[in-house]
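One structure is given here, and the rest of the page talks about it.
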Amino acid sequence: MDNLLENDLMRLLPLLLEMVGLTFAVLIDPYLNKRYKRGMIVIILLIISLVMQNFAEYILSDHIAMPELRTGVSFYGYCVRPVILALFFYIVEPPKHGRIIWGLVILNGLIHSTTFYTDICFTISSDNHYMRGSLGYTCHIISGILLLQLLFVTIWKMKSDRKIENLIPFINVIVIVISVVMDSVIPPGNSSTTYLTIAIVCCTVFYYIWLHLMFERQHEKAIQADQRIKIMMSQIQPHFLYNTLSTIQALCKIDPDKAFDTTEKFGIYLRQNIDSLSKSDLIPIDTEIEHTRIYSEIEATRFPNIHIDFDIEDSAFDLPALTIQPLVENSIRHGVRIRKDGRVFISTKNTGDFHEILISDNGKGFDVSKLENMSGTHIGLANVRERIREMCGGDMIIVSEEGEGTTITIRIPVTGAK
């Protein structure tokens with residue numbers, strides 16, 4: 001008998017080790033916040049207790065006849081399962097009607113507590129036989145209600161946030177339902193644990209993986225947002241601000257009306273730049289073109305030798321904020337400003353497969369192969385290309401010849417348009 005019990009205990013060891021390993025993973029995970037860590041630890045402790053409850057009930061039903069102790073162990077098992085299911089809600093989505101969920105859990109506990117003084121739920125006879133009463137399926141019914149609600153919440157989560165990893169909570173619910181059916185259909189035999197307990201252990205691991213992926217994604221978005229702000233702030237060049245203010249100051253004496261008009265445009269430019277800092281999503285091309293026009297008109301005031309022309313045929317798509325304006329700024333700052341007749345041309349068109357944006361100039365050009373080593377020069381080109389690729393699946397092609405000018409082509413897939 002000792003060898004038999006030892007073998008039964010060894011079957012439980014992988015489940016217990018899995019929970020211990022999961023505990024360490026949760027504790028050291030840098031992405032999970034404290035609330036989720038506490039919730040996961042509570043669930044893990046309850047599952048460990050459920051595994052041991054399964055083993056104790058198996059011993060008390062097949063090897064050691066202690067009806068009163070078996071009654072208490074069975075009572076704990078019936079009570080703890082709905083508690084674990086209720087806690088799963090807080091992993092998927094904190095419930096709006098938490099009182100109802102916990103009310104069902106408490107009701108389940110109260111009904112099963114009657115086993116200590118009545119036989120309406122279940123009872124263990126003096127000869128150690130389990131007998132189910134008229135309310136003996138209370139745990140199954142309440143757990144079924146919780147599972148249905150958990151399934152609804154999971155489906156809603158998948159609908160509102162369409163990420164492939166959101167299939168994990170959905171699959172977990174299905175696995176738990178299947179395990180309950182298997183426990184009901186397949187005789188337990190000499191097993192020291194139930195299919196439901198094994199399913200709950202596995203689902204907890206999968207819930208942790210899901211949480212980790214979700215918070216890792218949020219962390220990456222936070223980093224990207226921080227980088228985006230730094231990138232956008234870098235586009236507001238101090239030299240441009242100072243030179244524009246100096247231009248306005250000079251115009252106040254020789255052309256007050258033009259000074260007033262330039263000041264108004266400068267205010268619009270600054271406001272649009274600041275507004276762009278809060279834009280984490282794509283913006284309409286019209287908004288970006290308007291911002292670029294304002295910037296171009298200010299630069300044209302400062303440098304009468306440059307001309308910026310627009311030919312906008314396609315305006316039915318979105319793109320990252322501050323995409324075109326910094327490219328035009330590079331063209332003016334590093335190219336056409338030195339020309340007697342400097343020109344920048346901006347156009348958009350739909351090629352069928354792509355929304356295409358063209359920014360070309362007749363500036364001094366540069367060696368594209370040395371672009372990565374040009375720190376401080378042509379600022380923003382690499383950043384703009386990266387954001388186009390990550391945010392809308394597009395690409396940016398740079399063609400430049402020293403002494404002849406530069407052409408930048410941005411292609412955004414039509415499928416990514418609004």
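What you see is a predicted model, and the numbers here were worked out from it, not measured in a lab.
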Heavy-atom pair with the smallest gap, counting every atom of Val384 and Met396: CG1-SD, 4.0 Å

Neighbour count >12 (heavy atoms, 6.0 Å) for atom CZ, Arg35: yes

More than 12 heavy atoms from other groups under 6.0 Å of NZ on Lys364: no

Shortest non-hydrogen contact between Ser74 and Gln53, atoms and distance: CA-NE2, 4.0 Å

Donor-acceptor under 3.5 Å (Thr115 side chain, Phe122 main chain): yes

Within-4.5 Å side-chain heavy-atom neighbours: Ile398 and Thr407: no

Verdict with reasoning, Leu282 to Met391, per side chain to side chain contact (heavy atoms under 4.5 Å, CB included): CA-CA 7 Å; Leu282 303 178; Met391 297 179 68; 3.8 Å; yes

Closest approach of Val344 to Ile346 (non-hydrogen atoms, all atoms of both residues): CG1-CD1, 4.0 Å

Straight-line distance of Leu110 CG to Cys121 SG, nearest 0.5 Å: 11.0 Å

Donor-acceptor contact below 3.5 Å, side chain Arg81 vs main chain Leu196: no

Donor-acceptor contact present, side-chain Arg70 to main-chain Leu60, <3.5 Å: no

Heavy-atom side-chain proximity of Glu356 to Thr348 below 4.5 angstrom: no

Evaluation steps, side chain to side chain contact (heavy atoms under 4.5 Å, CB included), between Ile200 and Leu50: CA-CA 10 Å; Ile200 289 177; Leu50 181 61; 4.1 Å; yes

Separation of Thr194 OG1 from Tyr58 OH (nearest 0.5 Å): 14.0 Å

Result of checking Ile106, Leu146, Leu150 against Ile101 for side-chain contact (heavy atoms from CB on, under 4.5 Å): Leu146

Side chain to side chain, Ile324 and Tyr295, heavy atoms closer than 4.5 Å: no

Separation of Asn108 CG from Tyr78 OH (nearest 0.5 Å): 10.0 Å

Test item: Val92 and Phe89 side chains (from C-beta on) under 4.5 Å apart, heavy atoms: no

Minimum heavy-atom distance Ala65-Asn128, with the two atoms named: CA-ND2, 3.7 Å

Criterion side chain to side chain contact (heavy atoms under 4.5 Å, CB included) on Leu32 and Tyr208, from CA distance to verdict: CA-CA 9 Å; Leu32 265 64; Tyr208 164 70; 4.2 Å; yes

Distance, nearest 0.5 Å, that separates CG of Asp361 from CG of Asn330: 9.5 Å

From Thr114 atom OG1 to Leu135 atom CG, the distance as rounded to the nearest 0.5 Å: 7.0 Å

Heavy-atom neighbours of Phe310 CZ exceed 12 at 6.0 Å: yes

Non-hydrogen side-chain atoms of Ile91 and Ile43 separated by less than 4.5 Å: yes

Side-chain donor-acceptor contact under 3.5 Å, Thr406 with Ser400: yes

Side chain to side chain contact (heavy atoms under 4.5 Å, CB included) assessment of Glu18 paired with Val201: CA-CA 8 Å; Glu18 196 171 352; Val201 169; 3.7 Å; yes

Residue pair His355 / Pro413: nearest heavy atoms and the distance that separates them: CD2-O, 4.0 Å

Audit row: Glu313, Lys349, salt bridge (charged side-chain N to carboxylate O under 4.0 Å, His left out) steps and yes/no: CA-CA 5 Å; Glu313 297 181 6; Lys349 65 179 180 179; over 6 Å; no

Under-4.0 Å salt bridge between Arg389 and Glu386: no

Within-4.5 Å side-chain heavy-atom neighbours: Thr118 and Thr123: no

Minimum side-chain heavy-atom gap Leu46-Val83 below 4.5 Å: yes

Verdict with supporting geometry, Tyr36 and Phe215, ring-ring contact (aromatic ring centres under 6.0 Å, His included): CA-CA 10 Å; Tyr36 279 98; Phe215 280 103; 5.0 Å; yes

Reported CD-to-CG distance for the pair Glu288 and Leu322, which is rounded to 0.5 angstrom: 6.0 Å

Tyr207 and Phe88 aromatic ring geometry - parallel, tilted or perpendicular at 30°/60° bounds: tilted

Leu147 vs Gln149 side-chain heavy atoms within contact, under 4.5 Å: no

Short side-chain donor-acceptor distance under 3.5 Å, Ser125 and Tyr130: no

Residues Asp29, Lys37: salt bridge by 4.0 Å N-O rule: no

Heavy-atom donor-acceptor pair, Thr323 side chain to Leu319 backbone, under 3.5 Å: no

Crowding at CZ, Phe116 (>12 non-hydrogen neighbours, <6.0 Å): yes

Test item: Asn350 side-chain N/O and Asp314 main-chain N/O as donor-acceptor pair under 3.5 Å: no

Least distance between heavy atoms, Ile142 atom then Leu104 atom: CD1-O, 3.5 Å

